[in-house]
Amino acid sequence: MRGKTVLVTGSTGGIGRETARGLAARGARVILVGRDPVRARRAADELGAGGGQVEALVADMTRLRGVATLAARVAERCDRLDVLVNNVGANPPRRTLTEDGVETTFAAHVLAPFTLTRLLLPLLVGRVVNITGGIPGGPIELDNLQAERRYLGWTFAQYNHTKTMLMAMSLRFAEQVEGTGVTVNVAYPGHGHTPMNQSMTAAGFPYLYRPVVPLLSLLAPRLFGDLSKPARSSVYLASSTEVEGVTGAYFTTRCRRTAWPASALDRRNQDAIWALCEKAAGL
């Protein structure tokens, strides 16, 4: 990775931070992105303390103006971008809208990766790695893309829903940029005891899972505390020579290629999500 520049969104904590750490350790110049300037500066200082080339930018990725400003600042600093890791996440306990009138989890997990990647295409010369998460792979509800009908249900969560939508959007993006030298793949990190997960209360879980939330809170630090494990798949897709030229693929926590869920492969779903992203982003 020496001589290569990598941008990792949502990287001042959690899996994004460990992804940045792994890539910096491999010699890449890493640009962190976080919403809090203090956390961003501290993360850059900590990851760069070992001699890595790490810097930080501040942006609220749920806002289109934040995404646009970030893209402009990256263009000012870089004449090329070798890897973009779209990792930013959000999981509010109830449906909220951004200043753009977009449902927040859709804005973070689908619209932000779509918009940032589109804006950075003139700089991109390599890989786009999109990070799914939660329990993806369920049905995509075309009449509920922005949680217009429901945000949580007995087993339904908009968080998982948007992470599945990200997969469908990524497949279409890979198709759109085929032959340009840019690859688009999706990594599933598995579960991690991240700051976002630590801040979740029972109200943020589907109704069926709420009784076991206290037990999960007790076991999570022991079972999922090592965040280098869920970062393995994103580091692998960003850096490994084994996936050079591979695009439109989905990889597991063990860095193995696996089948896409049927809902992500459905062309109707891809069309609807792509059209919504284009309309919302104005691109």
Contact summary for [X] and [Y], nearest pair of heavy atoms:
X: Ser263; Y: Pro139; value: CB-CA, 4.1 Å
X: Ala107; Y: Thr62; value: CB-O, 3.7 Å
X: Leu145; Y: Met165; value: O-CE, 3.2 Å
X: Val246; Y: Asn185; value: O-ND2, 2.8 Å

Donor-acceptor pair, distance only, cut-off 3.5 Å: does the side chain of [X] make one with the backbone of [Y]?
X: Thr9; Y: Asn87; value: yes
X: Thr164; Y: Gly137; value: yes
X: Lys229; Y: Thr253; value: no
X: Arg26; Y: Gly22; value: yes
X: Tyr250; Y: Tyr188; value: no
X: Thr96; Y: Pro92; value: no
X: Ser11; Y: Val8; value: yes
X: Gln270; Y: Ala264; value: yes
X: Gln146; Y: Glu148; value: no
X: Thr180; Y: Val177; value: yes

Yes or no on side chain to side chain donor-acceptor pair (under 3.5 Å) for Ser170 and Asn130, after CA distance, side-chain angles and deciding distance?
CA-CA 7 Å; Ser170 300; Asn130 292 334; 2.8 Å; yes
Determine, using the 4.5 Å side-chain heavy-atom cutoff (strictly less than), whether Val129 and Ile15 are members of one ILVMFWY cluster.
no
Can you tell me how far [atom2] of [Y] sits from [atom1] of [X], rounded to the nearest 0.5 angstrom?
X: Thr162; Y: Met167; atom1: OG1; atom2: CE; answer: 12.0 Å
X: Leu120; Y: Leu7; atom1: CG; atom2: CG; answer: 6.5 Å
X: Leu171; Y: Asp266; atom1: CG; atom2: CG; answer: 11.5 Å
X: Tyr159; Y: His109; atom1: OH; atom2: NE2; answer: 5.0 Å
X: Leu57; Y: Arg73; atom1: CG; atom2: CZ; answer: 4.5 Å
X: Leu152; Y: Leu208; atom1: CG; atom2: CG; answer: 12.5 Å

Walk me through whether Glu99 and Arg65 qualify under side-chain contact (heavy atoms from CB on, under 4.5 Å).
CA-CA 10 Å; Glu99 67 178 22; Arg65 61 175 176 173; 2.8 Å; yes
Would [X] and [Y] pass as an ion pair if we require N to O under 4.0 Å?
X: Glu18; Y: Arg232; result: no
X: Glu175; Y: Arg267; result: yes
X: Arg149; Y: Glu141; result: yes
X: Arg127; Y: Asp82; result: no
X: Asp271; Y: Arg268; result: no

Answer with yes or no after comparing the ring centroid distance for His161 and Phe106 against a 6.0 Å cut-off, counting only values under it.
no
Cationic tip of Arg256 within the cone over Phe251's six-membered ring, i.e. under 6.0 Å and within 45° of the normal?
no
Step-by-step side-chain contact (heavy atoms from CB on, under 4.5 Å) determination, Arg150 to Asn144:
CA-CA 7 Å; Arg150 60 173 178 163; Asn144 193 47; 3.7 Å; yes
Are the side chains of Arg63 and Asp60 in contact, using a 4.5 Å heavy-atom criterion?
yes
Trace of the side chain to side chain donor-acceptor pair (under 3.5 Å) decision for Ser234 with Thr19
CA-CA 6 Å; Ser234 49; Thr19 298; 2.7 Å; yes
Between Phe156 and Tyr151, is the side-chain contact (heavy atoms from CB on, under 4.5 Å) condition met? List the steps.
CA-CA 8 Å; Phe156 176 87; Tyr151 186 78; 5.9 Å; no
Between the side chains of Thr117 and Asn86, does any donor sit under 3.5 Å from an acceptor?
yes
